[in-house]
Structures are given as structure tokens and as C-alpha cells.
Amino acid sequence: MKIGRLQIDNPIFLAPMAGVSDYPFRLLCKEYGAGLVYSEFVSADGIFRANDKTLSMIRFSDEERPIGIQIFGDSPEIMAEAARTINKQFRPDLIDINYGCPVPKVTKRGAGSAALRDLNLMDEITLAVVEAVPKIPVTVKMRAGWDQNRIVVPEAGVRLEQCGIKAITLHPRTARQSYGGSADWALIKELKAAVDMPVIGNGDIKSVEDMRRMFDTTGCDAVMIGRAALGNPFIFRELKAAWQNAKLFAPATLKEQVALCIRHLKMQVDYCGAQMGANLMRKHFGWYLKSFPGAPQYRNRLVTATDGNEMLVILDEIADYADQTPQVQIVG
Ligand SMILES: Cc1cc2nc3c(=O)[nH]c(=O)nc-3n(C[C@H](O)[C@H](O)[C@H](O)COP(=O)(O)O)c2cc1C
């Protein structure tokens, strides 16, 4: 598929996830088959102020390409300047605007999904960003509306296309809904019927069957996977195989899962340094290591371990256990 002039190998994308979609996680998902990866959302204000921490969140490697950098903000001028800076300093394949984040810290300042309450502001921000980076595609990721009484899809999609947006990802829940209920995929179908650009369907895809149903029932051009990839980059090889009509993979075994977790820890430490890398891994352990006998005790030890070396010793113990019980499968 193509977004603007950008050619993408397969239509199964990794979602932007704050605190998760950093370089090591993106690289693992890419290795297992993700067709496009995104950075976690980055504050346009932070980029504008040249905040070191913000700029470090944008760093990526060529191995990850194609990659989208996602930004959020409420000021057209600052969003445009941030897009220009990112394009000049980092040369991503696309820039994505976040109109979906429901977190009050972001929306109370008019950013993220708050733009869904004011489509004129959304137009202004979008136009400013599109004009700032004419050589690369600008895309949008959005929710369906602010609340059930203010669903803005498909109207917002048509307006965004007129502003020059090259693809839209729709997570069809409202901002108010947060993660409650289920995503209303019928809205993805409505959006697809209303616009000419690619539409990326997102929300609640957890399996090959879900992905097939998303493609079949909505007509979307690509799918985006968020929570189902947590502790499970393997999902991309399964989904990609299904999309290629190839033989499906068996679910990952505990042995594979632990080996990947060890690799992830080592990459995280290499990337962020010993202390920060180990700290960032704590949440991943809960996602990687579940549903096998003794899992809660191992997780407990891992999250209270003092450093990466102690974590490695515990993970090696789990690997030994997995060696003795090769039949154990834990992805579910
Ligand atoms: C931990 C976490 C962080 C997220 N951070 C972002 C983000 O930075 N930008 C964004 O557009 N969406 C973010 N999302 C939303 C996801 O990209 C996705 O739209 C949502 O999880 C629904 O897809 P899923 O059902 O496949 O998880 C986040 C979701 C999670 C679980």
C-alpha cells in the first residue's frame, strides 16, 4: 500500500503508545513483521523549546523505516514549527498528528482529542502542519468524537482530506469512552466510504480472526495494533502470515517468549542506560510473562529486582524452567 508517495510493504502497523513505542519495542515489532511503526506521541511545545528529553524521544534508526513521528499540540504555529524541526533534524517517513489522546493533562490544554470539539481549530492545525512539511505525507490518528453526542466521523475525515492529509487512522471510540465498551468499527466503514485516502482501522484487534473481520467489514486499507502487541511482538508475524495467505505460526512458546524478553531487556539497557533501561522494562515483564505456573512469583521478583543483572538471572531461571517444559505456551 501507499501513503502519499510512501510505499509500505504490508498493511499491519504498530500503534503509537506512550511509554511503550520506543526504539527497542519498535525494532522488535518491525523485526516480527510490522509494516509501519510510529513513535509515541511527542509534544510540539517540547520540540519548539528544544527540550532534550522530548527530542530524544524522536530518535530512530534506519532499520525502523518506514517510521512515522506523532506530534500533539494546540497551536497551529507551534505544531507547524515542530513538524519543520522534526523533518529537518530527523527525516522521518511521515508525520502523524494526534487528535485522539483522551488524557485530561493533554485535552485540558486543547490538544489531542480536544480538537474533536472544534473542527475549525483542527483544520487550522492540520493545514499549518501540511504546509510546513510539503515533501512528506502528513497523517492523522483520531477518535470518533468527543462524546456520543458529538461524533465527528466521517465529516472530520472529509475536512482533513481537503487539508491535505494523506491517511487517517481511526480508533472508533469517543474521548469520553476512553477504553470502555468496544470500538465501533461501523464508523471505520463510514469513513472509508467518505474519503479517497487510505484509512487505517484500529481498535480491539487481538487475533488473525479480528484482523480479517476488520478488513472484511470495514474495507479499511491497513490495520493498526496497539494493546495486543504488548509483551507480544510475535503478533505481527502471525498477522502478516495471515495477510499473505501463508501458513500461520504456532503460538509462541514460553521459551520463545522469555528469549524475546531477555533480548528486549538487553536492548533497553543498551538504549537507555542500565538504570533507566531496567526501570522501563518493569511494565513489560507483566505483559511478557503471564499464564504459566509460577508466573506471578517470577513477575514479583522481576519488578522488585534492583537492576538489569538481577533481572537477567531471574529471566535465565524462567528460561531453564521453559527448557524443562517445552510444551508450555503462554500467548493468549
Ligand atoms: C499504553 C498506551 C499508550 C498509548 N499512547 C498513544 C499515543 O501516544 N498516541 C496515540 O495516538 N495513541 C496512543 N494510544 C492508543 C493506541 O494507539 C490505540 O489507538 C488504542 O490502544 C486502540 O488500539 P488497540 O485496541 O489495538 O489497543 C495508547 C494506548 C496505550 C495502551
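We number each residue from 1, following the sequence as shown. Order of appearance sets the numbers: ligands from 1, and atoms from 1 within every ligand. Side chains included, hydrogens not; waters and symmetry mates left out as well; all remaining heavy atoms used.
Residues Asp22 and Gln268 form a side-chain contact, since some pair of their non-hydrogen atoms from C-beta on lies under 4.5 Å apart.
A donor-acceptor pair under 3.5 Å links the side-chain atoms of Arg173 to the main chain of Gly180, judged by distance alone.
The salt bridge (Lys or Arg N to Asp or Glu O under 4.0 Å) check on Glu310 picks up nothing, with sequence neighbours excluded. For Arg227, the salt bridge (Lys or Arg N to Asp or Glu O under 4.0 Å) partners are Asp204, not counting sequence neighbours.
The hydrophobic cluster containing Ile200, built from Ile/Leu/Val/Met/Phe/Trp/Tyr side-chain heavy atoms closer than 4.5 Å, also comprises Met1, Ile3, Leu6, Ile8, Phe13, Leu36, Tyr38, Leu94, Met224.
Between His264 and Tyr288, the ring-plane angle classifies as perpendicular under the 30° and 60° cut-offs.
The residues lining ligand 1, counting any heavy atom closer than 4.0 Å, are Ala15, Pro16, Met17, Ala18, Phe41, Gln70, Asn98, Lys141, His171, Tyr179, Asn202, Gly203, Asp204, Ile225, Gly226, Arg227.
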